[in-house]
Amino acid sequence: MARAVLGSLCLCWALGRAAPPNLLLLLMDDMGWGDLGAFGEPSKETPNLDQMASEGMLFMDFYTANPLCSPSRAALLTGRLPVRNGFYTTNGHARNAYTPQDIVGGIPDSELLLPELLKKAGYVNKIIGKWHLGHRPQFHPLKHGFDEWFGSPNCHFGPYDNKAVPNIPVYRDWEMIGRYYEDFKIDLKTGEANLTQIYLQEALDFISRQQASQQPFFLYWAIDATHAPVYASKHFLGSSQRGLYGDAVREIDDSIGKILKHLQKLGISENTFVFFTSDNGAALISAPKQGGSNGRFLCGKQTTFEGGMREPAIAWWPGHIPAGGVSHQLGNVMDLFTTSLSLAGLQPPSDRQIDGIDLLPAILQGKLIDRPIFYYRGNEMMAVRVGLYKAHYWTWSNSWEEYSKGIDFCPGQNVSGVTTHTQEEHTTLPLLFHLGRDPGEKYPLSTLCCYCLLSGHNGKLMGSGSPISKAVIKLSSFVELFLLCIFI
Ligand SMILES: [Ca+2]
């Protein structure tokens, strides 16, 4: 294999093309848009991430494909919406799908994951941390393109009764090497756990090995210290103004600083494309002790309001990405699939619909690519963003039944008629917001003046083709009509 890779690299050089860059994807778990100093978090406790942003490019309008761990990660690794890659359910309208340990499903064999495709360009692929795309043998990451794994198939929930419900396993490659709470301690009383340090060391070792072997690598660093129950190692406990959650963020920030410095020390920072983001918005249900901040955005994890879907995002590639850039390109975790393939000199698969786009024109040349953002919750497209307009076709936070039990995805953030506890359909007349003037989705634009106009444009609004193209036509038409209403 090494000979084959060297052969392909030599071919690249012979053709005058640079070798493909290493790919390092730093994926946080439940970290919110408002958790970084660079995004305005007041305690300014993320100096390394803030420096990464100042040396690279901040993405202010970057989204996940679903506000929950499993479908978000499936979308990232397949470049496809969860309704295409199978990570949705039909047993409850707008119910987000995920894969706890008592679920038997997982990523279908028919899906092509990013590491499977990167192998064609000679990449060595490693996942460190949380997989969450199924725990049965057929769903193992090494069956889906990864060459190495250190981490777990699930969240670090527990501790469980080791007879009826065993603790979550931790793997090194094919082998289960222990379990959370038993071999990999998490102290729920103090919040102490050494896991981020272990994940950091795994990353440093892998990067060193790949640099020594001169093989391009894809490292998917999917750590989970900011997912409840949040944890930090002893050195970081009590170090944050924000409590235990902030301690976890500080340790992650410190670790990312060490990883980036390691790339520089090895002399490969200019040949390593690094992207930092999160899988979904902060879990306000657990905040402030066990959850983060979504800044001024509405609600959090599980919802399709901005707080559930908009993610902190930073691209870093010294010598290639201009320092200090801020992009308002509408981006999505699915774009990391297509962008990574582009960096590797590969084409996305042509036998299926890919929803991610290549962000390199935005990252390297500052271009703005016109594209919509679809906000899915389970099997339902809840909202669409085009430009600065966001139209909700459905609104829902959670059920009255859940809410009455104290489960609140929007604590302290009730917006009448928006953060509803019944599923409200607005497909005939979407609830429209201008995210530039109203990023918190507090003030729906008046639709009354447009109603008669809309009812006279049913043919145009219905459009044809797929549900998604229909939705875009709907939103575009609606926005046009809305603007028309402003000026008449
Ligand atoms: Ca998550």
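One-based numbering, in listed order, for ligands and for the atoms of each. Just so you know, residue 1 is the first one in the sequence shown, and it goes up from there.
- Within 6.0 Å of the CZ atom in R296, the count of heavy atoms belonging to other residues, nucleotides or ligands does not exceed 12.
- Put simply, S278 stays out of reach of the Ca ion (ligand 1), with no N, O or S atom under 3.0 Å from it.
- When distances from the Ca ion (ligand 1) to the N, O or S atoms of D30 are compared, OD1 comes out shortest.
- Side chains of M60 and V326 form a contact here, defined as non-hydrogen atoms less than 4.5 Å apart.
- The nearest N/O/S atom of D279 to the Ca ion (ligand 1) is OD2.
- The atom of D29 that is an N, O or S and sits closest to the Ca ion (ligand 1) is OD1.
- A cation-pi arrangement is found for K390 relative to Y375, the charged atom lying closer than 6.0 Å to the ring centre and inside a 45° cone about the ring normal.
- The distance from the Ca ion (ligand 1) to the nearest N/O/S atom of C69 is under 3.0 Å.
- Salt bridge absent: E45 and R242 never bring a charged side-chain N and a carboxylate O closer than 4.0 Å.
- Side-chain contact, Q197 with Q201: no donor N or O sits under 3.5 Å from an acceptor N or O.
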